[in-house]
Structure formats: structure tokens, C-alpha cells
Amino acid sequence: MTASGCAPGETRQQEGADRALTRRFAMETVFYPGRYYVPRPARVQQGGSVDPHPSTKPPKIVDVAKRAGVSLSTVSRVMNQNPTVDPVLAARVRKAAKALNYHASPLARSLVLGRTQTVSVVVPDLGNPTFQAILRGLSRAAKRQGYHVLIADSAEAVAEEGVLAVESRRRSDGLVLCAPRMEQSELDALLPSLEPVVLVNRESSAGVPTVAADYRSALRELGEHLYGLGHRRFVFLSGVPGSASNRNRLVAVDEFRRAHEDVDVQALECGVGFEDGAVAVDAVLDSGATAALAYNDLVAMGLLSAVTERGLRVPDDLSIVGFDDIPFTKYTNPPLTTSSVPAEDIGEQAWVEMSSLLAGNSARHPVYFRPRLVVRASTAPVQGAEKAAAPMVEHPLG
């Protein structure tokens, strides 16, 4: 018997079990700066004791190369998703990296590739749900290819838009300009210095890719919908004067009016936000119009709210249509008739165009998305022949 009261054979068995338990449960948490916590077995010394100073160094690329039995350059090419690496070798490298919990440094990868793996997007109003949807489609598509998206909001400040575009481009591999408000001549002159660059909802003669909604066709369709309900007197609440989208809408309204000689349309300067629509209520009601076409859904919702507060009924007293089909339009009272713009699809296509440019391809033909008419309860047949006969002064557009 030993001092512990156990037979010699039992003692050896107990010591072996203790060492096994020590190896199993002696765990430590290692912090890899900028990454995350990860548990790993502690270093167990001879005799079963735990090393009080275990190694906390994160794995390096040389460790992956050694474990996979390949060169450092091969590991680098695999980590940078170079398609020229033999698939068998690439699989071996990834397996070794996973076993070692190795992650390539984003900074090192940028230096190797000469890229930041980031693209910038400049929008005129980040609070607008349509621009948010475009960004969502673009950023998700970019993420699938390992890119990040840097977002800059010009806040409708046209004077700062060019500077913001240049600064954003310097910090990224490419730039997406979403509905820029600057003058066409200024935009055309600026674009060559921003390449690779993609335009969203704006065209240019500079030969850069364009992805846009077909606003002219969509607005004419809204007009035809109201015309079919018997409306002949309209107001159009226009957006930002420098906006290409607004100009396209104005052209569409003018085309619609010329196609129907019995139609009167008055264009009122408004804006792009909820408050702009609410403020326009007096001008809309004074016009004698039976139907209002708003620049976008936010303007339409603002007008709808203000009209209701005046004790009038929509659509009995005034039919209202919006544009974009943002999520809130289904839940207004009444739900808003609008034109549904596939904003996320536009954003995803913008990334497709940018990805093609980053791969060294030339700019392709413009891509246009056709919005879809969505009829809800904010429009109805015109009420009363006496209202249809009310006088209205026609104001030329443009």
C-alpha cells in the first residue's frame, strides 16, 4: 500500500486519469486583437501541471503554410481568393487555416491586392426610404463578393456634392453616385476623375454605367390611371429643381397633357419630404384639382395627412397618388396608390456594374427598371359634375 492508501497499480491508474482530466478541462480564453475570444487547450507540462504562461500569439501565415505543406505565396493566393491555385492545394490550405483559426489581415490583403475592398456610395438623402432600399440591395450584393460599402450623405447640399464624391472615391476602390443633384455639365466634367464610377437614377455623356428607374413611363401610367377614373384637373407636386428624376417626371407630365387635350395640369414647386407635402395643402386645394400627383410617397403622405386634418376625404374630395412604393404606403389611411420602384434590384444591379468595372471590363449599356402601378384606396372616380366644371388656370411646365 502507498501513503495514499492505494495499491501501486491503482496509483498509476489514478495518476493517468488525473492527467487526462487535466488535459481535457485545462482551457484558457485567448484574445486575438480586433477579432474575438476563442477557447483553446492550455499548455500542460510534464507531470500534468498547467503552464502558467501559455502562448497567446495568434497564428501566422507561416504556420498555415507549414501545416498545409505549401509555400507562403500559395497560402497568400488562397486567402486572396486567387482562382489560379490548384483546387486540391486550395482545399488543403483552407483546412489548415480553419484548424489553426487563422484569418488573413484585411490591411495586409489590401496591400497585396492594391485594393481597399471597399466601394463608396454618395446619396442625396439617407433618410429617404428609397435610397435606403437601393443601399440595401447594393451592400448585400457587395458583401457576397467580400466588399464593404462606405456611405456618404450629401443632405441635398448640391455645392458640397462634388467634394464629397472626390473624397469618398479616394478612400475606396470605386464610387456609386446615387441621384446626384449637380448640374449636368459639372457632372460630366467630374466623372472621369472618379472612375470606376456607376450612376444610379442619372445619365451622363461621359460613358459610365447607368442604372435607373424609368420614371417617365411610370408617371404617365399614373396619369392614365387617374384619367380613366374621370379626372381631368390635376396638380403635380414637383421635387428638387436640380434633380434629374424631377426633370424626367416633368417631361412625363407634359407628355401626358399633350396626349390629352381635355386635361389641365398645374405644376407646383414642392420638395421631397413629408413636411413639403403637408405645406402644399393650401395650394393644392386652391387649385380646384380633383387629383394630385406627388413627386414621391413621402410628399403624398404629407399631403394626405394635411388634407385629412382639414376635414376633407381622400379619395372622395381629392385623389392622391405617390411614387416609389415605400413600405409605409400600405398602412396610410387610406392606403396609397403609387408606382412601385424596384429599389433593391436597382442597388443590386449597380453593384453588378461596379463589379464588372473592378474586373477591368468596359462600361456596358444603361439598365432601366420599369416601375409597376399599384392601385390602392387613395384614388377613386371623380365626384360631382360641378367640381369637374370648376375653372382652373393652366400653368406651363418646365
Side-chain angles (χ1 to χ4, degrees), residues 128-130 133 213-239 245-246 248-250 252-253 255-257 259-260 263-268 270-278 280-281 283-285 287-310 312-346 369-384 387-388:
N128 188 309
T130 298
D214 183 359
Y215 290 105
R216 290 172 61 178
S217 296
L219 196 62
R220 287 198 302 268
E221 188 175 28
L222 285 169
E224 293 294 343
H225 164 67
L226 292 169
Y227 187 86
L229 294 174
H231 295 278
R232 298 296 182 267
R233 298 165 189 243
F234 302 79
V235 289
F236 171 64
L237 301 181
S238 64
S245 299
N246 186 60
N248 286 333
R249 285 167 167 84
L250 286 170
V253 169
E255 291 172 345
F256 169 73
R257 184 176 58 184
H260 299 284
V263 166
D264 289 324
V265 182
Q266 181 178 353
L268 302 175
C270 185
V272 297
F274 187 92
E275 185 177 354
D276 296 318
V281 63
V284 172
L285 297 180
S287 72
T290 62
L293 298 106
Y295 174 81
N296 63 19
D297 291 334
L298 294 176
V299 172
M301 290 166 63
L303 177 62
L304 174 61
S305 177
V307 167
T308 303
E309 288 179 358
R310 297 294 179 89
L312 300 177
R313 297 168 301 169
V314 175
D316 294 344
D317 299 309
L318 179 72
S319 286
I320 300 175
V321 299
F323 204 106
D324 286 335
D325 195 26
I326 63 177
F328 315 118
T329 55
K330 299 177 183 178
Y331 309 107
T332 56
N333 186 23
L336 189 66
T337 294
T338 185
S339 186
S340 182
V341 176
E344 286 196 31
D345 293 340
I346 290 174
F369 287 81
R370 177 72 180 266
R372 176 178 54 88
L373 175 65
V374 179
V375 178
R376 298 193 180 106
S378 68
T379 53
V382 65
Q383 299 295 309
K387 178 174 286 188

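Values reported hereafter were calculated over all heavy atoms of this structure, with side chains retained and with hydrogens, waters and symmetry mates removed. Just so it is clear, the model here is predicted, and its values are computed rather than measured. In what follows, residues are counted from 1 in the order of the sequence shown.
In this structure, S378 contributes its side chain and I320 its backbone to a donor-acceptor pair below 3.5 Å. Remark: side-chain polar atoms of N246 are not paired, donor with acceptor, to backbone N or O of S238 under 3.5 angstrom.
Here the closest heavy-atom approach between residue V374 and residue S340 is recorded as CG2-CB, 3.7 Å. Taking both residues in full, the closest heavy atoms of P342 and P371 are given as CD-CA, 4.4 Å, listed atom of the first, atom of the second, then distance. In terms of heavy-atom proximity, S287 sits nearest to Q266 at CB-OE1, 3.5 Å. In terms of heavy-atom proximity, G322 sits nearest to T338 at C-OG1, 3.2 Å. Among all heavy-atom pairs drawn from V272 and G239, the shortest one is CG1-CA, 4.2 Å. Of all non-hydrogen atoms in H231 and A380, the two that sit nearest each other are NE2-O, 2.8 Å.
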List the steps and the verdict of side-chain contact (heavy atoms from CB on, under 4.5 Å) for E221 and R372.
-> CA-CA 9 Å; E221 188 175 28; R372 176 178 54 88; over 6 Å; no
So N296 and T130, side-chain contact (heavy atoms from CB on, under 4.5 Å) or not? Walk me through it.
-> CA-CA 10 Å; N296 63 19; T130 298; over 6 Å; no
Carefully, step by step, assess D297 and T329 under the rule side chain to side chain donor-acceptor pair (under 3.5 Å).
-> CA-CA 7 Å; D297 291 334; T329 55; 4.6 Å; no
Checking side-chain contact (heavy atoms from CB on, under 4.5 Å) for the pair L293/V265: CA distance, chi angles, key distance, verdict?
-> CA-CA 10 Å; L293 298 106; V265 182; 5.6 Å; no
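More than 12 heavy atoms of other residues, nucleotides or ligands shown are found within 6.0 angstrom of CD on E224.
How far CZ of R257 is from CG of D264: 8.5 Å, rounded to the nearest 0.5 Å. Residue F234 holds its CZ atom at 4.0 Å from CZ of F256, rounded to the nearest 0.5 Å. In this structure, CG on L226 lies 6.5 Å from OG1 on T379, to the nearest 0.5 angstrom.
Q383 places none of its side-chain heavy atoms less than 4.5 Å from the side chain of R313. The side-chain heavy atoms of L312 and L285, taken from C-beta on, include a pair separated by under 4.5 Å. For the pair S339 and L373, the minimum side-chain heavy-atom distance is 4.5 Å or more. Counting only heavy atoms from C-beta outward, the side chains of F328 and P129 approach each other to under 4.5 Å.
Judged by the 6.0 Å distance and 45° axis criteria, R249 is not positioned over the aromatic ring of F236.
Every residue two or more places apart in sequence or in another chain was checked for a salt bridge (Lys or Arg N to Asp or Glu O under 4.0 Å) with D324, and none qualifies. E255 pairs by the salt bridge (Lys or Arg N to Asp or Glu O under 4.0 Å) definition with R216, R220, not counting sequence neighbours.
Between the side chains of T337 and H225, no donor-acceptor pair is found at a separation under 3.5 Å.
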Donor-acceptor pairs under 3.5 angstrom involving side-chain atoms of residues 300-310: please list them, not counting sequence neighbours.
| from | atom 1 | to | atom 2 | distance (Å) |
| --- | --- | --- | --- | --- |
| T308 | OG1 | L304 | O | 2.8 |
| R310 | NH1 | D282 | OD1 | 2.8 |
| R310 | NH2 | D282 | OD1 | 2.8 |

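Taking the six-membered ring for Trp and thresholds of 30 and 60 degrees, Y215 and F323 have ring planes inclined between 30 and 60 degrees apart.
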